[in-house]
Amino acid sequence: MTELTVVVLAAGGGTRMKSKTPKVLHEVCGRSMVGHVLAAVRELGPSRVVTVVGHQRELVEPHVAGLLPDAVVAVQEEQLGTAHAVRVAVEAVGHDGLGGTVLVAYGDTPLLRAESLRRLLDDHAADGNAVTVLSGVVVEPFGYGRIVRGGGGVVEAIVEERDATDEQRAINEINSGILAFDAAFLADALGRIGNDNAKGEYYLTDAVALARAAGLPVGARPVDDPAEIEGANDRAQLAALGRLLNQRIVTGWMREGVTVVDPATTWIDADAELAPDVTVLPGVQLLGATKVEEDAVVGPDSTLRDCEVGAGAKVVRTHAELAVIGAEANVGPFSYLRPGTVLGAKGKIGGFVETKNATIGDGAKVPHLSYVGDAEIGEGANIGAGTIFANYDGVDKHRTTVGKHAKTGSNNTFVAPVSIGDGAGTGGGTVVRGVVPAGALAVSAGPMRIMEGWAQRRRPGTEQAAAAEAAGPGTAGEHEASHNASQRVGETPAGASES
Ligand code: UD1
Ligand code: CA
């Protein structure tokens, strides 16, 4: 294999983004634009990658180093043109260190695929070219450099918009900016390219005419899908490219056996992974490094960022981040899983439940209206409706543990630190502090007091009093059972909810 150096140009300002974030760091599908380009480049297995930085390099440089620690970073202090940028890259490597092929790409073309680069390099090698251009045949060539072909279709030059004649402006084959060079030719050409043009810049594209003047072969290969070579210069283009990339990703997963009911409202980041027979319902965003195992159903209307969803789990109308959802578990609707949530196999986090830093064991359930923070809940335990794990005392956070198969009552408050033993229980409305031993029942609500005839005495003349009067003296009506329960406080876990 011949030596391959890839130069990624990312020194430009990107003023049309109107952003404090450098253009190439703007994200589509969960990755920066330059991150997409570097990912495609990495697939080529190059000998070295040189990234040219300039504008806001204090932000771009560490970002690139984080993505590709081996990459050489070359600093272009002043942006004097694409040829100048490549010269800076070549100088960073050292002319002597450079052989084989040099591939130049831009940092703002997030849809670029390794496959297209590979085809360009294959053509370049097969034809023994000095320069091979990845071109594009487009409907609207305005602003691009045009590929000027002579007799027999031979590529003679690339002419920039501002330097083109009317006739040349009518050409709809454009320069993507991605070019493959013979390294020796490039080093020579960079020394000869001047800046005598409309923009007063050193144009890399001038290398084409220099090669032709020297009688060296030049080629141009149109890319199959022109979107691949499109750059995002403003936020509208960024969104348009994001939608196209998302479409590509979603279609890719469907081809791998994932059911996506509504591709138009499904957003899957580049780093997410889905197994065959996953079903994604409308309005779902699978973001970051989210991983979904087979037969899981996600949605509708759910956002998962950096989550793991186990096989056969169901996640309905849920917002989750850095959470692990076990196999065949159920989450939602309307659940909020914050970082550090780990739900076991066949577990449940139900409606209007918020969890954070909480391990919920296999088959354990938090079915309704609860906050579970800094907790460990044992397998098979059931947390009653409306339970608050009060983890914060205003100064420090404390943990709560609930043992295996414990059953806690509704409307409890666990004032952490709390430890509820295996098989223990709590009564409805209990405020738990400290330790509940295994198998014990904790009840803190005082015995209920009954004041007979209160409504008739204290609310005379109201519909309430009339209803009480009609029911007759001392009658509990259909609520007799709950009246009796109050007499037996300490014997039954009144108010436990289960589902
Ligand atoms: C360039 C090409 C044009 C092509 C178009 C495709 C030249 C002379 N023209 O034009 O033929 O159709 O791209 O988009 O090459 N950059 C640097 N340092 C510089 C100048 C540019 O790093 O000194 C980077 C920019 O950040 C950008 C890329 O190179 O990513 C292209 O530069 P830009 O000035 O946008 O070139 P265009 O005029 O669009
Ligand atoms: Ca441009």
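All heavy atoms count here, side chains included; hydrogens, waters and symmetry mates do not. Just follow the structure's listing: the first ligand is 1, and inside any ligand the first atom is 1. Note that the coordinates shown come from a computational prediction; the quantities given were computed from them, not determined experimentally.
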Counting only heavy atoms closer than 4.0 Å, does ligand 1 sit against the backbone of [X], its side chain, both, or neither?
{"X": "A85", "value": "side chain"}
{"X": "A83", "value": "neither"}
{"X": "I174", "value": "neither"}

With heavy-atom distances below 4.5 Å as the criterion, would you say the side chains of L179 and L204 are in contact?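 Yes, close enough: below the 4.5 Å cut-off.
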Any side-chain heavy-atom pair from P276 and D295 closer than 4.5 angstrom?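 They are not in contact (no side-chain heavy atoms under 4.5 Å apart), so the answer is no.
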Check the side chains of [Y] and [X] for a donor-acceptor pair under 3.5 angstrom, ignoring hydrogens and angles.
{"X": "S135", "Y": "E173", "result": "yes"}
{"X": "T303", "Y": "Q285", "result": "yes"}
{"X": "D393", "Y": "H398", "result": "yes"}
{"X": "H26", "Y": "S19", "result": "yes"}

Please work out whether the ring planes of Y202 and H84 are parallel, tilted or perpendicular, with thresholds of 30° and 60°.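 Tilted.
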Purely on distance, is any nitrogen or oxygen of [X] under 3.5 Å from one on ligand 1?
{"X": "G177", "answer": "no"}
{"X": "T82", "answer": "yes"}
{"X": "Y106", "answer": "yes"}
{"X": "G12", "answer": "yes"}
{"X": "T205", "answer": "no"}

To the nearest 0.5 angstrom, please state how far the OG1 atom of T51 sits from the CD atom of Q76.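 One finds 13.0 Å between OG1 of T51 and CD of Q76.
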Report, in ascending order of atom number, the atoms of ligand 1 lying under 4.0 Å from any heavy atom of [X].
{"X": "A11", "value": "17 (C), 18 (N), 22 (O), 26 (O)"}
{"X": "G145", "value": "3 (C), 4 (C), 11 (O), 12 (O)"}
{"X": "Y144", "value": "6 (C), 12 (O), 14 (O)"}
{"X": "L9", "value": "22 (O), 24 (C), 29 (O), 30 (O)"}

My understanding is that we take every heavy atom of each candidate and find the minimum distance to [atom]. Doing that for [options], which one comes out nearest?
{"atom": "atom 12 (O) of ligand 1", "options": "L204, N175, N233", "result": "N175"}
{"atom": "atom 18 (N) of ligand 1", "options": "Q76, H84, K23, M33", "result": "Q76"}
{"atom": "atom 34 (O) of ligand 1", "options": "Q79, R87, K199", "result": "K199"}

Walk me through whether N197 and D163 qualify under side chain to side chain donor-acceptor pair (under 3.5 Å). CA-CA 7 Å; N197 52 52; D163 304 296; 5.3 Å; no
Salt bridge check: are K291 and E308 linked by an N-O gap of less than 4.0 Å?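 Looking at E308 together with K291, the answer is no, because their closest N to O distance does not fall below 4.0 Å.
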Residue-ligand contact G81/ligand 1, heavy atom below 4.0 Å: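 The answer is yes, since G81 has a heavy atom less than 4.0 Å from ligand 1.
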